[in-house]
Amino acid sequence: VTTLGSIPPDEDADSAWWWDSLRRGALMLPRCQDCKTHFFPPMPGCPHCGSTELGAEPASGRGTIYSWVVVHRALDPVFADDVPYTILTVDLDEGPRVFGRADEQVVPAAGVPVRFTPYRVGDEVLMGFSPEP
Amino acid sequence: MARRHMHEFGTKAEHLGAIAVAMRKHAQLNPNAVMRGKSMTLDDYLASPMITAPYRLFDCCLETDGAAAVIVTSAERARDLKRRPVYIMGVAAAQPYPADEMTNRKDIFKTGLTIAAPEAFAMAGVAPNDVDFAEIYDCFSAVVLMGLEGLGLVGRGEAGAFVRSGETALDGRLPVNTHGGLLCEGYLHGMNTVAEAVLQIQGRGGDRQVRNHETCVVTSGAMMDGSALILAGGRR
């Protein structure tokens with residue numbers, strides 16, 4: 001199995017640009033142009049102040065582990081050979097909290113620094129994280 | 001959220017297990033419970049397969065076909081009914097700020113329930129300490145922790161130890177999920193949890209009837225959006 005059969009990325013008018021940038025290997029973050037807060041995921045208005053004046057900026061890719069789970073039953077057949085694998089919840093330095101696959105070098109614990117790395121599955125790209133040296 | 005609760009408050013698998021075991025015990029006294037006749041020890045729980053750690057099989061609620069209903073009418077009409085009326089004393093629902101699961105909130109334990117609960121208690125004119133028992137939405141075991149803490153029935157981070165101490169048993173200080181919860185009665189999306197509160201207040205709990213059953217708090221949600229409902233018996 002090489003494609004995300006049951007759970008393809010949920011692209012819509014608000015997030016297509018974000019998925020396009022991820023496929024190019026870049027992690028972007030929406031940012032409110034009024035209150036200047038970064039947020040995630042992409043949506044039509046700022047979740048902090050409600051403004052619709054939104055922009056996008058490249059994220060530093062750096063963050064720290066907030067929490068994590070270890071998956072023993074794969075959500076999609078494409079991940080079946082990977083179990084058990086770890087999904088991290090990462091507080092990015094810019095503020096928003098995102099989710100991504102931990103590579104095998106990550107030893108998960110709260111506060112551990114990690115760095116964004118594109119995680120490739122077949123012809124899709126998802127968020128992944130490696131240890132920050 | 002369960003893992004983060006473990007990190008911040010020292011919650012352990014044995015605390016989540018205590019919830020699953022307590023719900024299972026209550027289900028043994030409930031003729032409607034899917035898990036009736038299937039008792040479980042903490043060792044059984046710890047030996048159950050890991051699904052997504054820290055959740056094992058028995059941290060996850062059931063998938064159940066079933067139905068539950070309550071009839072809502074005016075207090076005036078309810079007075080003439082054959083059954084003892086149960087009064088809606090207070091109700092509130094809220095979203096956290098910002099209103100999302102966890103991607104933009106610094107503190108994920110500031111859930112909608114922490115906003116809704118004080119409003120519901122104020123509307124009812126009772127304090128968290130005044131409730132005789134609680135029926136807490138439990139799609140997963142750790143949601144009981146968020147429910148007890150979000151309602152203010154225990155302090156933040158204290159729910160694991162509280163359940164493990166036995167205080168939430170049918171004869172404890174605060175019986176919780178007297179039907180066995182969504183974990184063990186069945187997953188009717190919490191409607192069965194509302195119905196259980198009504199049955200208990202009316203004294204129709206059968207073998208699982210709690211001794212003090214005047215006032216109850218019911219929740220729904222708890223990880224993001226949350227709601228609290230205060231129900232009470234008596235004449236009004």
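Chain A is the first sequence line, chain B the second, and so forth, proteins listed ahead of strands; every chain is numbered from 1. Note that this is a predicted model, so its numbers are computed, not measured.
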Geometric cation-pi criterion, B:Arg4 with A:Tyr66: 6.0 Å, 45°:
yes
Just list the side-chain donor-acceptor pairs under 3.5 Å for residues 139-159 of chain B, sequence neighbours left out, or say none.
| unit_1 | atom_1 | unit_2 | atom_2 | d |
| --- | --- | --- | --- | --- |
| B:Ser141 | OG | B:Asp59 | OD1 | 2.7 |
| B:Glu149 | OE1 | B:His5 | NE2 | 3.1 |
| B:Glu149 | OE1 | B:Gly157 | N | 3.0 |
| B:Glu149 | OE2 | B:His5 | NE2 | 3.1 |
| B:Glu149 | OE2 | B:Gly157 | N | 3.2 |
| B:Glu149 | OE2 | B:Glu158 | N | 3.4 |
| B:Glu149 | OE2 | B:Ala159 | N | 3.1 |
| B:Arg156 | NH1 | B:Asp107 | OD2 | 2.8 |
| B:Arg156 | NH2 | B:Asp107 | OD1 | 3.2 |
| B:Arg156 | NH2 | B:Asp107 | OD2 | 3.3 |
| B:Glu158 | OE1 | B:Gly155 | N | 3.0 |

Are side-chain heavy atoms of A:Leu27 and A:Trp18 found at a separation under 4.5 Å?
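They are in side-chain contact.
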Is it the backbone or the side chain of B:Tyr97 that comes under 4.5 Å from a heavy atom of chain A, or both, or neither?
side chain
We want to know whether A:Ser130 and A:Gln105 form a side-chain donor-acceptor pair, criterion being a heavy-atom distance below 3.5 angstrom.
no
When B:Pro54, B:Pro98, B:Ala53 are compared by non-hydrogen pairs under 4.5 Å with chain A, the top option
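It is B:Ala53.
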Show the atom names and distances, to 0.1 Å, of all donor-acceptor pairs under 3.5 Å that link a side chain in residues 15-24 of chain B to residues at least two apart or in another chain.
| unit_1 | atom_1 | unit_2 | atom_2 | d |
| --- | --- | --- | --- | --- |
| B:His15 | ND1 | B:Lys12 | N | 2.9 |
| B:Arg24 | NH1 | B:Lys38 | O | 2.7 |

Contact part of [X] toward chain B, heavy-atom cut-off under 4.5 Å: side chain, backbone, both or neither?
X: A:Thr89; result: side chain
X: A:Pro84; result: neither
X: A:Val98; result: neither

